[in-house]
Amino acid sequence: MQKVLTIVALLFFHGLAFSATIFENSTEDSTKQWKTASKHSVNLTLNSINNRAQLDAELKENGLQVNHSRFLVEKTIKLSNLDGNYKFIRPTNDPYISFFYGAHVFRYWIISDKKIIFSSSSDSVSILSTSHHGMKDIVTSNYRGGYMYNETYRFGVNGYQAYSCQANSVSEPAVIFDCSKESP
């Protein structure tokens with residue numbers, strides 16, 4: 001009973017007890033039904049990449065035309081309680097371009113009409129129903145070393161900032177720790 005109460009308290013403390021997931025995407029999710037990213041979305045996204053020459057080299061090496069919009073897709077998402085046009089941009093998974101992926105993570109960007117609001121790479125990403133300063137909370141999830149790490153981001157005066165991190169043992173889900181302060 002003590003463990004159950006501890007888990008409930010942790011969830012409440014981290015603000016997750018009353019939030020629902022309104023959008024979720026992970027590395028291996030199909031992108032077949034997604035819209036090809038607009039030229040504006042592609043430009044914003046690619047301008048944030050430091051090693052773009054590496055991407056172009058991989059495309060050429062695989063005999064693919066350097067047409068970046070072919071490799072990025074987008075979905076309109078609800079990121080704010082206010083008016084605004086927000087898009088989730090990610091790489092397609094067919095064709096698979098390794099530049100956008102890690103061992104089991106994928107790169108992604110959330111953009112507005114004018115700029116990148118959030119970008120990261122993880123196994124999965126969720127947008128929650130809870131919000132701060134008018135923008136929805138974001139959770140990234142990564143699996144490594146037998147643990148699932150969930151990092152929550154909240155919007156503030158400087159954009160999205162890490163708020164909390166919680167890790168769960170994959171083999172013993174009841175084993176939870178605050179990964180922003182310690183490691184297993």
Side-chain angles (χ1 to χ4, degrees), residues 7-8 10-49 68-94 96-97 99-102 104-143 148-168 176 178-180:
I7 291 170
V8 171
L10 280 171
L11 289 174
F12 182 77
F13 177 77
H14 289 292
L16 300 177
F18 302 109
S19 63
T21 300
I22 60 172
F23 174 82
E24 186 172 35
N25 198 247
S26 63
T27 305
E28 295 179 8
D29 286 350
S30 174
T31 59
K32 287 183 181 181
Q33 302 300 316
W34 288 51
K35 180 181 164 191
T36 300
S38 69
K39 185 175 182 177
H40 172 71
S41 298
V42 170
N43 288 338
L44 269 178
T45 303
L46 292 180
N47 286 337
S48 73
I49 296 173
H68 300 110
S69 62
R70 179 176 172 212
F71 308 110
L72 295 170
V73 291
E74 67 185 23
K75 271 193 178 182
T76 300
I77 57 172
K78 177 98 172 127
L79 189 64
S80 174
N81 297 329
L82 312 170
D83 289 337
N85 186 22
Y86 301 97
K87 294 180 181 175
F88 183 87
I89 313 296
R90 67 158 292 162
T92 61
N93 36 29
D94 186 24
Y96 174 85
I97 307 299
F99 176 84
F100 294 116
Y101 294 88
H104 44 82
V105 301
F106 71 111
R107 291 186 188 196
Y108 51 86
W109 301 261
I110 298 174
I111 66 169
S112 69
D113 289 331
K114 299 178 183 175
K115 65 181 182 175
I116 295 173
I117 304 293
F118 183 81
S119 66
S120 190
S121 61
S122 62
D123 291 297
S124 67
V125 58
S126 303
I127 297 174
L128 305 179
S129 60
T130 52
S131 62
H132 291 84
H133 300 281
M135 302 292 280
K136 304 291 183 190
D137 297 340
I138 298 172
V139 175
T140 62
S141 299
N142 286 292
Y143 296 92
M148 179 179 72
Y149 294 82
N150 294 307
E151 190 158 12
T152 302
Y153 294 83
R154 288 184 172 177
F155 194 80
V157 293
N158 295 319
Y160 276 98
Q161 300 292 318
Y163 169 73
S164 68
C165 183
Q166 181 179 321
N168 299 69
I176 299 172
D178 179 356
C179 52
S180 60

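Note that the structure is predicted; figures quoted are calculated from it, not measured. For the single chain, residues carry numbers from 1 onward in sequence order.
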Any idea which heavy atoms bring Ala37 and Val42 closest together, and the distance?
-> CB-CG2, 3.7 Å
Side-chain heavy-atom pair Pro91, Ile97 within 4.5 angstrom cut-off | no
Ser26 versus Phe106, closest heavy-atom pair with distance = C-CE2, 3.5 Å
Distance, nearest 0.5 Å, that separates CD of Gln161 from CZ of Phe155 = 9.5 Å
CZ (Arg107) and OG (Ser121) are apart, to the nearest 0.5 Å, by 7.0 Å
When rounded to the nearest 0.5 Å, the distance separating CG of Leu44 from CD1 of Ile111 is 5.0 Å
Ser122 (side chain) donor-acceptor with Ser124 (main chain) under 3.5 angstrom | yes
Trp34 side chain reached by Asp29 side chain, heavy atoms, under 4.5 Å | no
Is any side-chain heavy atom of Tyr108 closer than 4.5 Å to a side-chain heavy atom of Val125?
-> yes
Partner residues of Tyr96 under the ring-ring contact (aromatic ring centres under 6.0 Å, His included) criterion, sequence neighbours left out | Tyr101
Closest approach of Arg70 and Thr92, non-hydrogen atoms and distance?
-> O-CG2, 3.7 Å
Taking only residues at least two apart or on different chains, which pairs with a member in residues 73-91 satisfy salt bridge (Lys or Arg N to Asp or Glu O under 4.0 Å)?
-> Lys35-Glu74, Glu74-Lys87
Could you list the residues that satisfy salt bridge (charged side-chain N to carboxylate O under 4.0 Å, His left out) with Lys136, not counting sequence neighbours?
-> none
Distance, nearest 0.5 Å, that separates OG of Ser141 from CG of Asn168 = 9.5 Å
Check whether more than 12 heavy atoms from other residues, nucleotides or ligands sit under 6.0 Å from atom CD of Glu28, and answer yes or no.
-> no
Could you go through the side chain to side chain contact (heavy atoms under 4.5 Å, CB included) check for Leu72 and Phe100 one step at a time?
-> CA-CA 10 Å; Leu72 295 170; Phe100 294 116; 4.0 Å; yes
I would like to know whether Thr21 and Leu128 meet side chain to side chain contact (heavy atoms under 4.5 Å, CB included); could you show each step before the answer?
-> CA-CA 4 Å; Thr21 300; Leu128 305 179; 3.9 Å; yes
Would you call Asp94 and Thr31 a side-chain contact if the rule is heavy atoms closer than 4.5 Å?
-> no
Does the side chain of Ile116 come within less than 4.5 Å of Asn47's, by heavy atoms?
-> no
Output all residues satisfying side chain to side chain donor-acceptor pair (under 3.5 Å) with His132, sequence neighbours left out; order by chain, then residue number.
-> Asp137, Arg154
Any Ile138 side-chain heavy atom under 4.5 Å of Ile110 side chain = yes
Closest approach of Asn93 and Ser30, non-hydrogen atoms and distance?
-> ND2-CA, 3.8 Å
Tell me, do Leu79 and Phe23 make a side-chain contact under 4.5 Å, heavy atoms counted?
-> no
What do the steps show when you test Asn25 against Phe88 for side chain to side chain contact (heavy atoms under 4.5 Å, CB included), and what is the final call?
-> CA-CA 10 Å; Asn25 198 247; Phe88 183 87; 3.8 Å; yes
Any residue meeting ring-ring contact (aromatic ring centres under 6.0 Å, His included) with Phe118, in chain and number order, not counting sequence neighbours | Tyr153, Tyr160
Pairwise salt bridge (Lys or Arg N to Asp or Glu O under 4.0 Å) hits with a residue in residues 110-129, at least two apart = none
Any sub-3.5 Å donor-acceptor pair from Asn43's side-chain atoms to His40's backbone N or O?
-> no
